[in-house]
Participant: 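Below is the structure I would like to discuss, written out as structure tokens.
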There are 2 protein chains.
Amino acid sequence: MKATSCGPTNVERDLRPVEGDEADEELATLAKALGHPARVQIVRLLVRRTSCVCGDIVDELPLAQSTVSQHLKVLKEAGLIKGEVDGPRVCYCIEPRALRRLKVLVAGL
Amino acid sequence: MKATSCGPTNVERDLRPVEGDEADEELATLAKALGHPARVQIVRLLVRRTSCVCGDIVDELPLAQSTVSQHLKVLKEAGLIKGEVDGPRVCYCIEPRALRRLKVLVAGL
DNA sequence: CGCTTTCATCGTAGGATGACGATGGTCTCC
DNA sequence: GGAGACCATCGTCATCCTACGATGAAAGCG
């Protein structure tokens with residue numbers, strides 16, 4: 001079972017409804033993940049650099065490494081980003097599908 | 001100084017930048033306000049009914065009146081909704097500008 | 001004036017968040 | 001194998017969130 005880097009996942013995500021209880025939960029989860037300036041900044045960073053970044057994120061933020069790692073975890077659990085181990089480093093990248101999903105849900109308000 | 005119901009406020013809001021630290025803060029604040037299913041539901045309710053709704057919101061949600069009131073407060077503080085006193089009741093309505101602003105900020109990711 | 005309705009606020013309890021330093025695990029390189 | 005780099009996780013503390021019932025304030029009605 002190989003993990004394809006930054007490849008597609010949750011293929012059916014785009015097909016889910018934009019309204020209803022489930023959509024509310026989904027939107028709330030995604031919005032909550034974005035509900036912190038540091039995490040907004042991280043998402044922007046990862047969107048900017050099409051390529052995956054690593055612990056450079058720590059250098060960009062005025063936060064301790066452990067704190068940044070926690071924010072990354074929150075974003076990862078919300079499905080907005082993805083981390084891939086690359087030797088001693090970990091490369092993070094946007095999950096375009098989740099971001100698109102967020103945009104659709106917000107636009108649907 | 002009369003409070004015009006559901007009228008325009010924060011007129012310059014649309015003109016603010018979509019990126020930068022201030023935009024990050026703004027997006028984080030708005031996203032955080034949406035970061036709870038009940039609040040997403042409330043926003044949807046208020047968007048649906050163009051007219052302002054009142055404590056009908058309480059009837060629509062499976063939550064105690066005080067809890068709903070707190071969620072309304074959170075949304076109000078984020079600027080997403082607005083409440084206007086109408087006799088013994090309070091009518092809430094969407095702040096279209098803030099909602100538009102949120103859409104722009106999310107779309108700008 | 002009292003009574004009711006409608007909301008907001010207070011007080012509170014349990015759980016979640018955000019921040020940090022310290023620790024530990026896993027590669028790479030020597 | 002050992003050293004160092006990189007990152008996640010643990011432990012901890014302070015703060016915030018979420019939920020509720022109880023209490024209060026304001027407006028309308030008899």
Side-chain angles (χ1 to χ4, degrees), chain A residues 2-3 5-6 21 24-25 27-43 45-46 49 51-93, chain B residues 2-3 5-6 21 24-25 27-43 45-46 49 51-93:
Chain A
K2 251 194 303 189
S5 119
C6 299
D21 286 356
D24 289 354
E25 289 278 353
L27 175 50
T29 300
L30 291 170
K32 192 174 185 180
L34 267 190
H36 193 288
R39 292 197 287 266
V40 172
Q41 225 168 327
I42 291 174
V43 168
L45 266 176
L46 294 181
R49 322 199 179 183
S51 108
C52 308
V53 211
C54 325
D56 305 333
I57 302 170
V58 175
D59 298 335
E60 298 275 357
L61 301 186
L63 293 172
Q65 177 262 327
S66 58
T67 306
V68 172
S69 193
Q70 248 180 299
H71 283 306
L72 289 169
K73 187 180 180 186
V74 171
L75 288 170
K76 196 163 38 173
E77 282 176 352
L80 272 171
I81 69 174
K82 197 174 151 186
E84 190 209 353
V85 177
D86 170 29
R89 325 168 181 267
V90 178
C91 280
Y92 284 97
C93 53
Chain B
K2 250 193 308 186
S5 118
C6 300
D21 286 357
D24 289 355
E25 289 278 354
L27 175 50
T29 300
L30 292 170
K32 192 174 184 182
L34 265 191
H36 192 288
R39 292 196 287 266
V40 172
Q41 225 169 326
I42 291 173
V43 168
L45 266 176
L46 294 181
R49 320 200 179 181
S51 110
C52 307
V53 213
C54 325
D56 304 335
I57 303 171
V58 176
D59 298 334
E60 298 273 358
L61 301 187
L63 294 172
Q65 178 262 326
S66 59
T67 305
V68 172
S69 193
Q70 249 179 303
H71 283 305
L72 289 169
K73 188 181 180 184
V74 171
L75 289 170
K76 196 164 37 173
E77 281 175 355
L80 273 171
I81 69 174
K82 197 176 151 187
E84 190 208 352
V85 177
D86 171 28
R89 325 166 181 269
V90 177
C91 281
Y92 284 97
C93 53

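Computed from a prediction, not measured in an experiment: that's the story for all the values here. Here is how names work: the chains are called A, B, and so on, in the same order as the sequence lines, proteins then strands, and each is numbered from 1.
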Participant: For DNA chain C, which residues in residues 33-43 of chain A have a heavy atom at a distance below 4.0 Å?
Facilitator: A:His36, A:Arg39

Participant: Mind checking which nucleotides bracket the chain B contacts on DNA chain D, 5' to 3', with an atom under 4.0 Å from a heavy atom?
Facilitator: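 The footprint of chain B covers D:dC17 to D:dG28.
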
Participant: Enumerate the residues from residues 68-76 of chain B whose closest heavy atom to DNA chain D is under 4.0 Å, giving them by residue number; use none for an empty result.
Facilitator: B:Gln70, B:His71

Participant: Between A:Gln65 and A:Gly87, which is nearer to the 5' end of DNA chain C once each is assigned its nearest nucleotide?
Facilitator: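 That would be A:Gln65.
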
Participant: So which one's nearest nucleotide on DNA chain D is more toward 5', A:Lys32 or A:Thr67?
Facilitator: A:Thr67

Participant: Nearest 0.5 angstrom please: B:Tyr92 OH to B:Leu72 CG, how far?
Facilitator: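 Answer rounded to 0.5 Å: 5.0 Å.
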
Participant: Looking only at non-hydrogen atoms, find the nearest pair between B:Asp56 and B:Arg49 and report the distance.
Facilitator: OD2-NH1, 4.0 Å

Participant: So A:Leu63 and A:His71, do their side chains get closer than 4.5 Å, heavy atoms only?
Facilitator: yes

Participant: Looking only at non-hydrogen atoms, find the nearest pair between B:Gln41 and A:Asp24 and report the distance.
Facilitator: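 Looks like CG-OD2, 3.4 Å.
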
Participant: Could you check B:Val90, B:Leu46, B:Asp59, B:Ile42 and say which one makes a side chain to side chain contact (heavy atoms under 4.5 Å, CB included) with B:Val53?
Facilitator: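 Exactly one option meets the side chain to side chain contact (heavy atoms under 4.5 Å, CB included) with B:Val53, and it is B:Leu46.
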
Participant: For A:Leu34 and A:Arg39, work out which heavy atoms get closest and say how close.
Facilitator: CD2-O, 4.4 Å

Participant: Specify the separation, in whole Å, of atom CG of B:Asp86 and atom P of C:dT5.
Facilitator: 18 Å

Participant: Mark yes or no for a side-chain to base donor-acceptor pair under 3.5 Å between A:Ser66 and C:dG21, with no hydrogen or angle criteria applied.
Facilitator: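 In this structure, the two groups form a donor-acceptor pair.
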
Participant: Taking side chain as C-beta onward, heavy atoms only, is A:Ser69 less than 4.5 Å from A:Gln65?
Facilitator: yes

Participant: Whole angstroms only, please: what is the CG-C1' distance between A:Leu63 and C:dT17?
Facilitator: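 Answer to the nearest Å: 14 Å.
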
Participant: Is there a donor-acceptor pair under 3.5 Å between the side chain of A:Thr29 and the backbone N or O of A:Glu25?
Facilitator: yes

Participant: So which atom in B:Ala28 and which in A:His36 form the shortest heavy-atom distance, rounded to 0.1 Å?
Facilitator: CB-C, 3.6 Å

Participant: Which heavy atom of A:Leu80 sits nearest a heavy atom of A:Ala33, and at what distance?
Facilitator: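 Closest heavy-atom pair between A:Leu80 and A:Ala33: CD1-CB, 4.1 Å.
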
Participant: Once you round to the nearest 0.5 Å, how far does NZ of A:Lys76 lie from NZ of A:Lys73?
Facilitator: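 Here the interatomic distance stands at 8.5 Å.
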
